[in-house]
Amino acid sequence: MDAISVAVRRGGVVESRHRVHAVAVRDGEVVEAAGDPDLVTFLRSSAKPLQALPLARVRHDLDAEELAIACASHQGEPAQIDAVRRLLAKAPASEGDLECGFDEGRPSERIYHNCSGKHAGFLALCRARGWETSGYRLPRHPIQEGVSREISAATKVQAEEIPTATDGCGVVTFALPLEGMARAFAQLPGLDAGDLVAEAMRGHPDLVGGQGAADTDLMLALPGWTAKRGGEALFCAVSPDGLGVAAKVEDGSPRALRPALARFLDALGFSVGEDFERVQIVNSRGEEVGEVVAE
């Protein structure tokens with residue numbers, strides 16, 4: 001199957017196109033692919049469910065909302081910020097301990113960064129383990145060394161063979177082929193504490209993304225699925241029966257993700273609905289002036 005072509009149409013004319021690569025893995029084997037399943041890209045925020053595994057294992061005092069926000073790329077919605085505050089309080093830690101920086105266009109407080117829940121979770125893990133909290137985001141800190149082992153175990157790739165870089169919020173991010181990402185998500189519910197993480201995300205999809213977020217909407221459209229979007233238009237998910245999916249828009253345009261996911265999942269026998277199949281283009285007057293659809 002060729003890469004999925006997603007067209008941007010305005011006035012009936014194709015204005016531009018996006019190429020989307022996707023792969024589905026079940027029981028360690030590729031069952032469907034569009035484009036290049038070996039395309040290497042960074043896991044970015046799609047790593048958050050894996051990054052939350054050590055937290056879920058040791059902090060049994062956390063409720064599902066607090067665990068879900070540790071996996072979130074939130075939009076600063078009131079319920080999301082409240083969940084981050086509660087997670088910080090349980091750590092215990094303060095907003096000043098967060099090392100995630102600030103998000104452009106949001107209040108200049110670290111708690112409003114879309115990754116603040118993950119960082120609060122890292123602080124809670126540090127407190128439980130008795131580790132120094134300063135520099136928890138750096139590669140040589142026990143937190144990040146542990147995450148590296150989690151990624152290695154889930155993908156079946158030796159940690160030293162996985163290229164790394166620095167993510168937008170300052171922590172380590174990992175470069176993997178899409179197939180490896182799909183394999184990791186396929187295994188997520190069966191990993192140690194993976195069931196707790198997946199259940200928390202499914203139970204609170206509104207915290208994981210928020211209104212209009214693709215991962216939130218997919219979990220609502222397909223009950224039982226666990227999904228997490230990542231930077232530069234990456235998307236990873238797992239079905240209730242262990243089908244792992246990873247998709248990446250080649251040029252990093254997130255608006256192409258929904259139609260591509262609809263097309264790819266339809267080929268696998270899953271329907272996510274019209275909200276994914278067709279993305280409206282709306283102008284500054286609120287008028288619909290075009291659409292984004294898979295060709």
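Just so it is clear, the structure is predicted and the values come from calculations on it, not from any experiment. Only this structure's heavy atoms are used, side chains among them; waters, hydrogens and symmetry mates stay out.
Annotation: ring-ring contact (aromatic ring centres under 6.0 Å, His included) contacts of His204 (sequence neighbours excluded): none. Among residues two or more places apart in sequence or in another chain, the salt bridge (Lys or Arg N to Asp or Glu O under 4.0 Å) test is passed with Asp206 by none. The ring-ring contact (aromatic ring centres under 6.0 Å, His included) check on Phe270 picks up Trp225, with sequence neighbours excluded. Annotation: salt bridge (Lys or Arg N to Asp or Glu O under 4.0 Å) contacts of Arg263 (sequence neighbours excluded): none.
Judged as a side chain to side chain donor-acceptor pair (under 3.5 Å), the pairs with a partner in residues 160-188 (not counting sequence neighbours) are, in order, Arg44-Asp167, Glu179-Arg183. Here side chain to side chain donor-acceptor pair (under 3.5 Å) pairs that include residues 1-14, with residues two or more places apart or in two chains, are Ser5-Glu295, Arg9-Glu291, Arg10-Glu15.
Residue Ile81 holds its CD1 atom at 11.0 Å from CD of Gln75, rounded to the nearest 0.5 Å. For the atom pair CD (Glu145) and CZ (Arg149), the distance works out to 6.5 Å, reported to the nearest 0.5 Å. Note that NZ of Lys90 and CG of Leu62 are 5.5 Å apart. Values are rounded to the nearest 0.5 Å. If you take SG on Cys236 and CG on Leu43, they are separated by 6.0 Å, rounding to the nearest 0.5 Å. Expressed to the nearest 0.5 Å, how far CD of Gln51 lies from OG of Ser46 amounts to 10.0 Å. Note: Ile143 CD1 to Thr133 OG1 = 10.0 Å, rounded to the nearest 0.5 Å.
The pair Glu32-Arg26 does not meet the salt-bridge criterion, since no charged nitrogen lies less than 4.0 angstrom from a carboxylate oxygen. Under 4.0 Å is where a charged nitrogen must lie from a carboxylate oxygen, and between Asp192 and Arg57 at least one such pair does. Salt-bridge check for Glu66 with Arg59: failed, with every basic side-chain N at 4.0 Å or more from each acidic carboxylate O. At a threshold of 4.0 Å, the pair Asp103-Arg110 does not count as salt-bridged, since none of the basic side-chain nitrogens sits closer than that to a carboxylate oxygen.
Side-chain contact between Leu98 and Leu123 is present, with heavy atoms from C-beta onward closer than 4.5 Å. Side-chain contact check for Pro49 versus Phe185: some heavy-atom pair is nearer than 4.5 Å. Counting only heavy atoms from C-beta outward, the side chains of Asp38 and Leu178 never approach each other to under 4.5 Å. No side-chain heavy atom of Val292 sits less than 4.5 Å from a side-chain heavy atom of Arg278. Residues Pro54 and Glu150 are in side-chain contact: their nearest non-hydrogen atoms beyond the backbone lie under 4.5 Å apart. Side-chain atoms of Thr155 and Ile162, non-hydrogen and from C-beta on, do get closer than 4.5 Å to each other. Taking 4.5 Å as the limit, some side-chain heavy atom of Val8 sits within range of a side-chain heavy atom of His18. Residues Val249 and Asp251 form a side-chain contact, since some pair of their non-hydrogen atoms from C-beta on lies under 4.5 Å apart.
Criterion: ILVMFWY side-chain heavy atoms under 4.5 Å apart, direct or through other members. Under it, Val157 and Val40 are not part of a common hydrophobic cluster. In this structure, Leu207 is a member of the same hydrophobic cluster as Phe122, with clusters built from ILVMFWY side-chain heavy atoms closer than 4.5 Å. Hydrophobic clustering places Leu125 together with Ile111 (ILVMFWY residues linked when any side-chain heavy atoms are closer than 4.5 Å, directly or through intermediates). Residues Phe174 and Met181 share a hydrophobic cluster, clusters being chains of Ile/Leu/Val/Met/Phe/Trp/Tyr side chains in contact below 4.5 Å. In terms of hydrophobic clustering, with Ile, Leu, Val, Met, Phe, Trp and Tyr side chains grouped at heavy-atom distances under 4.5 Å, Leu50 and Phe235 are assigned to different clusters.
Checking Leu257, Thr41, Val23 one by one against Lys248, the side-chain contact (heavy atoms from CB on, under 4.5 Å) holds for a single residue, Thr41. Tested against Ser73 for a side-chain hydrogen bond (donor to acceptor under 3.5 Å, both in side chains), the candidates Lys118, Lys228, Arg229 yield a single pass: Lys228.
Around CG of Asp27, the count of heavy atoms belonging to other residues, nucleotides or ligands within 6.0 Å does not exceed 12. With a 6.0 Å radius and a threshold of 12 heavy atoms from other residues, nucleotides or ligands, Glu29 has its CD atom at or below the threshold. No more than 12 heavy-atom neighbours from other residues, nucleotides or ligands sit within 6.0 angstrom of CD on Glu274. The local environment of CD in Glu199 is sparse, with at most 12 non-hydrogen atoms from other residues, nucleotides or ligands closer than 6.0 Å. The number of heavy-atom neighbours closer than 6.0 Å to CZ of Arg106, taken from other residues, nucleotides and ligands shown, is above 12.
Looking only at distances, no side-chain donor or acceptor of Thr226 sits under 3.5 Å from a matching main-chain atom of Val238. Although no hydrogens or angles enter the test, the distance criterion places no donor-acceptor pair under 3.5 Å between the side chain of Ser148 and the main chain of Ala159. Side chain of Asp217 to main chain of Ala214: no donor-acceptor pair is present (N/O by atom type, distance under 3.5 Å, no hydrogens or angles). Judged by distance alone, the side chain of His113 and the main-chain N or O of Ser108 form no donor-acceptor pair under 3.5 Å.
Between the side chains of Asp241 and Ser239, a donor-acceptor pair is found at a separation under 3.5 Å. Side-chain N/O atoms of His21 and Asp36 include no donor and acceptor closer than 3.5 Å. Side-chain N/O atoms of His119 and Glu99 include no donor and acceptor closer than 3.5 Å. Side-chain contact, Tyr112 with His74: no donor N or O sits under 3.5 Å from an acceptor N or O.
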Where do Val172 and Leu138 land on the side chain to side chain contact (heavy atoms under 4.5 Å, CB included) test, with the steps shown first?
-> CA-CA 7 Å; Val172 181; Leu138 300 175; over 6 Å; no
Kindly determine whether Asn114 and Gln80 satisfy side chain to side chain contact (heavy atoms under 4.5 Å, CB included), including the steps that lead there.
-> CA-CA 10 Å; Asn114 77 91; Gln80 295 169 329; over 6 Å; no
Go through the steps to decide whether Val272 and Glu277 satisfy the test side chain to side chain contact (heavy atoms under 4.5 Å, CB included), and finish with yes or no.
-> CA-CA 8 Å; Val272 287; Glu277 293 167 0; 5.5 Å; no
Checking side chain to side chain contact (heavy atoms under 4.5 Å, CB included) for the pair Ser271/Leu265: CA distance, chi angles, key distance, verdict?
-> CA-CA 7 Å; Ser271 175; Leu265 291 173; over 6 Å; no
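Closest approach of Ala24 and Leu268 over heavy atoms only: CB-CD1, 3.8 Å. Closest approach of Gly121 and Leu87 over heavy atoms only: N-CD2, 3.6 Å.
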